[in-house]
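A short worksheet on the structure shown next.
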Amino acid sequence: MKSILFRNLKSIPPTVAVALPSLLMHHHHSLQSNTLLNEFTSSCYRRDLPAAMRALTSMQNHRIWADSVTYSELIKCCLACGAIQEAKLVHKHIFSDGYQPKTFLINTLMNMYVKFNLLNEARELFDQMPDRNVVSWTTMIAAFSNARLDHEAMEFLTLMLRNGVHPNMFTYSSVLQACNGLPSLRQIHCGITKTGLDSDVFVRSALIDNYSKWGELPNALTVFNEMETSDLIVWNSVIGAFAQNTDGDEALNLFKRMKRCGFMADQATLTSVLRACTGLALLELGRQIHVHLLKYNRDLILSNALLDMYCKCGSLEDARFEFSRIVDKDVISWSTMIIGLAQNGFSHEALEMFQKMESSGTKPNYITVVGVLFACSHAGLVDKGRSYFESMEKNFGIKPGREHYGCMVDLLGRAGKLDEAIELIKRMEPEPDAVTWRTLLGACRIHRNMDLAAYAAKRVLDLDPDDAGTYILLSNIYANSHRWEDAAQVRKTMRGNNVRKEPGCSWIEVNKQIHAFILRDNSHPEIDKIVRQLNKYVERLKEVGYVPDSNFVLQDVEGEQMEDPLLYHSEKLAIVYGLMALTKGKNIRIRKNLRICGDCHLFAKLLAKMENRHVVIRDQIRYHHFEGGVCSCGDYW
DNA sequence: ATAGGGTTAG
């Protein structure tokens with residue numbers, strides 16, 4: 001009996017232990033406390049919270065304390081039941097009458113408050129505790145960084161170091177989430193390297209993820225490559241880093257490497273791989289992943305990524321089917337479908353989809369509304385768009401942001417209301433950025449308003465001095481009005497800023513192989529045959545009214561095409577190759593790195609009709625489905 | 001007792 005008693009009372013501090021002999025003298029008393037403690041302990045382990053709380057109250061009356069381990073069990077009970085009131089009673093009991101809980105137990109209490117989202121209570125405990133160890137500090141850092149109070153989390157790290165407590169891998173992986181800038185990230189990385197914690201998989205994935213967040217992919221890759229210690233999550237971090245930063249090629253390379261290393265992809269891996277396919281418009285590879293997916297239980301994130309892949313690879317039939325298969329559609333499923341429909345030229349269907357979404361009870365978010373306005377702008381629904389825009393705050397509780405204004409500029413601009421568009425830019429609350437001005441510039445191109453185009457182009461270049469296309473456009477505008485000096489000045493500034501226009505490039509997937517056509521690059525093995533065929537097509541199209549468009553004033557030209565009428569844009573070559581290499585019923589799908597030019601657009605429309613084929617081109621901005629002599633973009637792009 | 005990865009945007 002004695003041994004049991006002492007085991008249960010072992011954490012009683014000396015001041016209380018003095019009273020112990022008197023307790024032992026009264027036989028029934030000690031028996032009763034023993035019974036109480038047993039009852040308490042077993043209730044905790046049985047997760048019987050009410051019984052445990054009854055026992056706790058009796059213990060309170062008899063001034064009995066259990067050990068830290070049992071209290072931790074009780075805290076687990078409270079957490080499991082979501083019982084905040086009870087948790088506070090436990091806290092009170094543990095701190096009553098001079099009982100000095102150990103650091104371990106206070107940490108557990110703090111952690112409990114954190115899990116209940118009661119940061120103030122946790123912090124109060126932290127402030128009052130006498131001995132803070134690594135876990136105490138790390139608990140606070142993790143709590144504040146999870147609450148997105150990055151600054152506070154970083155402060156805790158500073159204080160911790162100043163107090164001479166050494167961070168461990170838990171600390172670093174937590175604090176990395178709160179890193180608020182590249183300098184502090186580099187500093188923390190240094191600290192990690194010094195302590196040798198850079199081999200810990202948690203720390204490594206957090207580092208990779210953070211470098212990725214700041215777009216520092218070379219650093220992310222270095223962290224990944226310099227250590228052998230990797231698990232699936234580290235692989236997922238690095239694959240995700242490239243997939244999210246529009247470097248799908250590298251993401252796919254890493255994915256291959258991962259499989260060679262014997263790792264099994266999970267849902268997160270495949271989500272990133274699908275995103276890489278989406279970025280590269282690799283429909284066939286995306287389909288292969290889809291087949292592979294059939295062996296998995298698909299969760300919502302993965303389903304959404306698959307849906308988006310089909311949308312962005314221009315296969316709306318597949319997208320619609322996958323969308324219908326998602327049982328618990330969330331706001332992202334709906335938004336993806338709405339945006340996918342709108343981008344592919346099915347604006348009315350996109351707006352119907354939005355109504356279905358509203359009646360399904362799913363609340364739209366910021367991005368959904370961008371999609372809705374985008375759909376209105378592509379369908380030329382000025383009034384409808386305006387009404388959504390003006391009522392979005394009232395109806396959906398979403399304050400119009402830069403992107404919403406951008407859609408409205410697009411909507412008004414496309415509809416020819418350029419004055420109204422510029423008025424909107426002037427009075428918009430978020431500062432217009434380069435994208436806003438580029439949108440206005442796009443509208444000026446459609447409506448051939450040179451003066452406003454020049455103004456918009458200058459604003460774009462103020463905000464984005466690396467935008468090669470806009471320099472060329474502005475210089476062409478000046479040249480057109482014989483302002484040769486201004487034109488030369490623009491080209492000079494462009495060279496001075498070391499900005500170079502990347503050459504036009506188009507990709508087409510044939511038999512699981514990617515064929516790339518680059519302007520001025522004749523390395524494709526069948527280039528001669530393709531050019532001969534292209535010449536034939538041009539001649540035949542001229543007979544049905546095709547006039548090659550040489551008005552490049554409001555277009556940014558890929559190269560010096562005027563000098564050389566035989567120098568074809570890359571998408572023309574890709575289309576012709578597609579016609580040659582893909583059997584009749586197959587759609588011709590092309591991805592292009594720049595915006596399609598007016599001449600190629602007309603060429604594609606006429607050729608698709610003449611050959612009775614469906615041609616899909618995804619350019620830098622949007623999708624063009626050419627069929628029967630028309631394009632899904634309605635000639636607005 | 002404390003920690004890491006994946007989905008929608010002009």
Side-chain angles (χ1 to χ4, degrees), chain A residues 68-69 72 75-76 102-112 114-115 133-143 145-146 167-177 197 200-210 212 231-241 243-244 265-275 278 299-309 311-312 326 330-340 342-343 364-374 377-378 401-411 433-436 438-439 442 621-622:
Chain A
S68 303
V69 177
S72 307
I75 290 171
K76 276 187 207 159
K102 290 182 177 167
T103 306
F104 165 85
L105 187 53
I106 305 180
N107 284 342
T108 309
L109 268 173
M110 265 169 39
N111 179 40
M112 170 192 82
V114 170
K115 288 196 175 132
N133 62 15
V134 205
V135 178
S136 330
W137 286 100
T138 304
T139 303
M140 292 316 284
I141 290 173
S145 89
N146 283 332
N168 61 16
M169 52 276 246
F170 290 84
T171 322
Y172 279 124
S173 47
S174 297
V175 83
L176 278 169
Q177 309 298 323
L197 291 168
D200 180 75
V201 284
F202 283 76
V203 173
R204 296 188 63 216
S205 56
L207 272 173
I208 292 168
D209 199 43
N210 267 277
S212 157
D231 64 2
L232 183 59
I233 296 187
V234 178
W235 277 104
N236 286 349
S237 302
V238 74
I239 293 171
Q244 284 157 41
D266 72 357
Q267 311 214 358
T269 325
L270 295 169
T271 304
S272 290
V273 171
L274 277 174
R275 179 157 172 176
T278 306
D299 66 14
L300 190 53
I301 299 181
L302 187 48
S303 304
N304 288 343
L306 183 67
L307 172 64
D308 192 42
M309 186 276 291
C311 286
K312 297 238 163 49
I326 302 178
D330 69 353
V331 61
I332 296 185
S333 325
W334 287 101
S335 307
T336 304
M337 197 67 228
I338 291 169
I339 292 160
Q343 284 180 324
N365 66 14
Y366 189 97
I367 296 174
T368 321
V369 182
V370 171
V372 170
L373 295 176
F374 183 78
S377 116
H378 282 252
R402 196 174 276 142
E403 291 84 356
H404 302 112
Y405 278 95
C407 288
M408 288 309 289
V409 170
D410 194 43
L411 173 72
D433 64 358
V435 182
T436 317
R438 232 186 325 258
T439 307
I621 314 282
R622 58 179 49 89

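All values below were derived from every heavy atom in this structure, side-chain atoms included, with hydrogens, water molecules and symmetry-related copies excluded. Within every chain, numbering begins at 1; the chains are lettered A, B, ... in the order of the sequence lines, protein sequences first and strands thereafter.
In this entry the distance linking CE of A/M140 with P of B/dA1 reads 19 Å, nearest Å. In this structure, A/I326 atom CD1 and B/dT8 atom C1' are separated by 11 Å, rounded to whole Å. For the pair A/N304 CG and B/dG6 P, the interatomic distance rounds to 15 Å; values are reported in whole Å. As a whole-Å value, the separation of A/I141 CD1 from B/dA1 C1' is 15 Å. Going from atom CD1 of A/I233 over to atom P of B/dG4 covers 9 Å, rounded to whole Å.
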Do A/T103 and A/S136 pass the side chain to side chain contact (heavy atoms under 4.5 Å, CB included) test, and can you show the C-alpha distance, the side-chain angles, and the key distance before you say yes or no?
-> CA-CA 8 Å; A/T103 306; A/S136 330; 4.1 Å; yes
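Residue contacts shown for A/S237 are limited to sugar-phosphate atoms, with no base heavy atom under 4.0 Å away. Heavy atoms of A/I339 sit under 4.0 angstrom from primed sugar atoms or phosphate atoms, though from no base atom. A/T336 comes within 4.0 angstrom of the backbone, heavy atoms only, and of no base. Nucleic acid contact for A/N111: sugar-phosphate only, since backbone atoms but no base atoms lie under 4.0 Å from a heavy atom of the residue. Among the protein residues, A/L302 comes within range of the nucleic acid bases, having at least one heavy atom under 4.0 Å from a base atom.
Listed nucleotides: B/dT2, B/dG10, B/dA3. Nearest to the side chain of A/T138: B/dT2. Proximity note for A/K312 (side chain, C-beta onward) versus B/dA9, B/dG6, B/dT2: the nearest is B/dA9. Proximity note for A/Y366 (side chain, C-beta onward) versus B/dG10, B/dA9, B/dT7: the nearest is B/dA9. Considering only side-chain atoms of A/N107, the nucleotide from B/dT7, B/dT8, B/dA1 that sits closest is B/dA1. Checking B/dA1, B/dG4, B/dT7 against every side-chain atom of A/S205, the shortest atom distance belongs to B/dG4. Picking from B/dT7, B/dA9, B/dG4 the nucleotide with the shortest atom distance to the side chain of A/V201 gives B/dG4. Nearest to the side chain of A/F170, among B/dG4, B/dG6, B/dT2, sits B/dT2. Residue A/I332 has its side chain nearest to B/dT8 when only B/dG10, B/dT8, B/dG4 are considered. Counting only heavy atoms from C-beta on, A/A142 has its side chain closest to B/dA3 among B/dA9, B/dA3, B/dG10. When distances are taken from the side chain of A/V234 to each of B/dG4, B/dT7, B/dT8, the shortest belongs to B/dG4.
A close approach under 4.0 Å does occur between a side-chain nitrogen or oxygen of A/Q244 and OP1 or OP2 of B/dG6. Using a 4.0 Å cut-off, no side-chain N or O of A/K115 falls inside it from OP1 or OP2 of B/dA1. The side chain of A/R275 places an N or O atom within less than 4.0 Å of a non-bridging phosphate oxygen (OP1 or OP2) of B/dT8. In this structure, A/Q343 does not reach the B/dT8 phosphate: none of its side-chain N or O atoms is under 4.0 Å from OP1 or OP2.
With hydrogens and angles ignored, a donor-acceptor pair closer than 3.5 Å exists between the side chain of A/D299 and the base of B/dG6. Remark: the A/N168 side chain and the B/dA3 base include no donor-acceptor N/O pair separated by less than 3.5 Å. Side-chain N/O atoms of A/D200 and base N/O atoms of B/dG4 include no donor-acceptor pair closer than 3.5 Å. A donor-acceptor contact under 3.5 angstrom links the side-chain atoms of A/S173 to the base of B/dA3. You won't find any donor-acceptor pair under 3.5 Å spanning the side chain of A/T139 and the base of B/dT2, going by distance alone.
For A/S377 and A/D410, the side-chain atoms include at least one donor-acceptor pair closer than 3.5 Å. Residues A/N111 and A/T108 have side chains that never bring a donor and an acceptor to within less than 3.5 angstrom of each other. In summary, the side chains of A/N133 and A/N107 do present a donor paired with an acceptor at a separation below 3.5 Å, with no hydrogens or angles considered.
Although no hydrogens or angles enter the test, the distance criterion places no donor-acceptor pair under 3.5 Å between the side chain of A/S212 and the main chain of A/I208. Here the side chain of A/N210 pairs a donor or acceptor atom with the backbone of A/A206 at under 3.5 angstrom.
Between atom CG of residue A/L307 and atom NZ of residue A/K312 there is a gap of 9.0 Å, rounded to the nearest 0.5 Å.
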